[in-house]
Amino acid sequence: MQPTRTLTAHCSLSHETGQPLLSIDNGYAKAEISLFGAHMLSYQRHGEPASLWLSDKAVLDGSKPIRGGIPLCWPWFGPAPARVGSGKPAHGFARTSLWTLDGVSDHDEGTLVHLSLTDSDASRTLWPHPFELDLDVLVGKELSLVLTTRNTGQEPLVYSGALHTYLQISAPEAVSVTGLGEPYLDKVVGGQHAQQQGSLTLSGALDRIYLDAETTVVVQDGDHRIGVTSGNHDSVVVWTPWLEGATAMADMSDDGYRTMLCVETAITDEAGVTVAAGEEHSLSTVII
Ligand code: TA6
């Protein structure tokens, strides 16, 4: 195995998962980022509970998408839309690609990591567009992720996606979620339109696309509070598979659903976002 390399005073690079892994430990928090998928695996402020949930059965060696943390769904969200064509992987290919580490640096506000992915023969067989995708991560008092889609081609490109954050919770009974707004699409019942009444509590499987959420969605977990602030999105997705979903997934323990809740900054509209040639669009999440 390759030896661990010190990159900065607060960041090292190892291969203990079978893929390049950045481990950060600074004055604010500890965090891990796999270069497979540019995937945040963990983020925990010193003296506080972990913010992100990672399945105890997550496969980290690059053979499948990682269950937990913050998967990057890109350049589409969910099943491939008609404009992309059938037979393509759910949630796109960014989460199963090996990204490049462009830089890491320590600052007063925390540790900044810059990762990138560009089109390749493999990406063009799935999605025929030249692109540069950048992920800028700040591990500080808060965890900030900015995912920038840059169109390096001559034609407009259309994308959708999500920063598919798996939050760690203590137990479903302890949780209530506010800031989701009212209208949502209920994917558990075929995408039906529905209205949220008051705060959201957890008592069964949920797969919802909230269409008018506030900038910050708050997950109150007993006396612990986590906020998810979104930018440049069109919706916030809330997902928990519950017991029936968890038992169907090889990479989640049957009781795994009891300690996770996904609150996702997303672009879910069928029409996606159009990025003109030479232009860029950034989708962002801050875990506060
Ligand atoms: O964001 C919610 C969702 O799209 C669900 O429909 C569910 O399938 C989930 O993501 C996980 O998808 P995955 O492909 O990672 O199993």
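Residues: numbered from 1 along the sequence shown. All ligand and atom numbering here is 1-based and tracks the order in the structure.
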Asks: Any ring-ring contact (aromatic ring centres under 6.0 Å, His included) pairs touching residues 179-238, not counting sequence neighbours?
Replies: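 For residues 179-238, and leaving out neighbouring residues, the ring-ring contact (aromatic ring centres under 6.0 Å, His included) pairs sorted by first residue read Tyr184-Tyr210.
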
Asks: Could you name each residue pair satisfying ring-ring contact (aromatic ring centres under 6.0 Å, His included) that touches residues 259-288, not counting sequence neighbours?
Replies: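 Residue pairs with at least one partner in residues 259-288: Tyr159-His281.
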
Asks: Let me know which protein residues bring a heavy atom to under 4.0 Å of ligand 1; chain then number is fine for ordering.
Replies: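 Ligand 1 pocket, heavy atoms under 4.0 Å: Arg67, Phe77, His91, Arg95, His164, Lys187, Asp207, Val237, Trp239, Glu264.
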
Asks: When Ile, Leu, Val, Met, Phe, Trp and Tyr are grouped by side-chain heavy atoms lying under 4.5 Å apart, directly or through other members, which residues fall in the same group as Trp53?
Replies: Tyr166, Trp239, Met249, Met252, Met260

Asks: To check you understand the geometry: which heavy-atom pair defines the closest contact between Gly272 and Val158, and what is its length?
Replies: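 Taking every non-hydrogen atom into account, CA-CG1, 4.1 Å.
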
Asks: Run the side-chain contact (heavy atoms from CB on, under 4.5 Å) test on Val139 and Val113 for me, step by step, so that the C-alpha distance in whole Å, both residues' side-chain angles and the decisive distance to 0.1 Å come before the verdict.
Replies: CA-CA 8 Å; Val139 175; Val113 177; 5.6 Å; no

Asks: Quick one, Leu157 and Thr149 - any side-chain contact, counting heavy atoms below 4.5 Å?
Replies: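 A side-chain contact exists here, since the closest heavy-atom pair is under 4.5 Å.
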
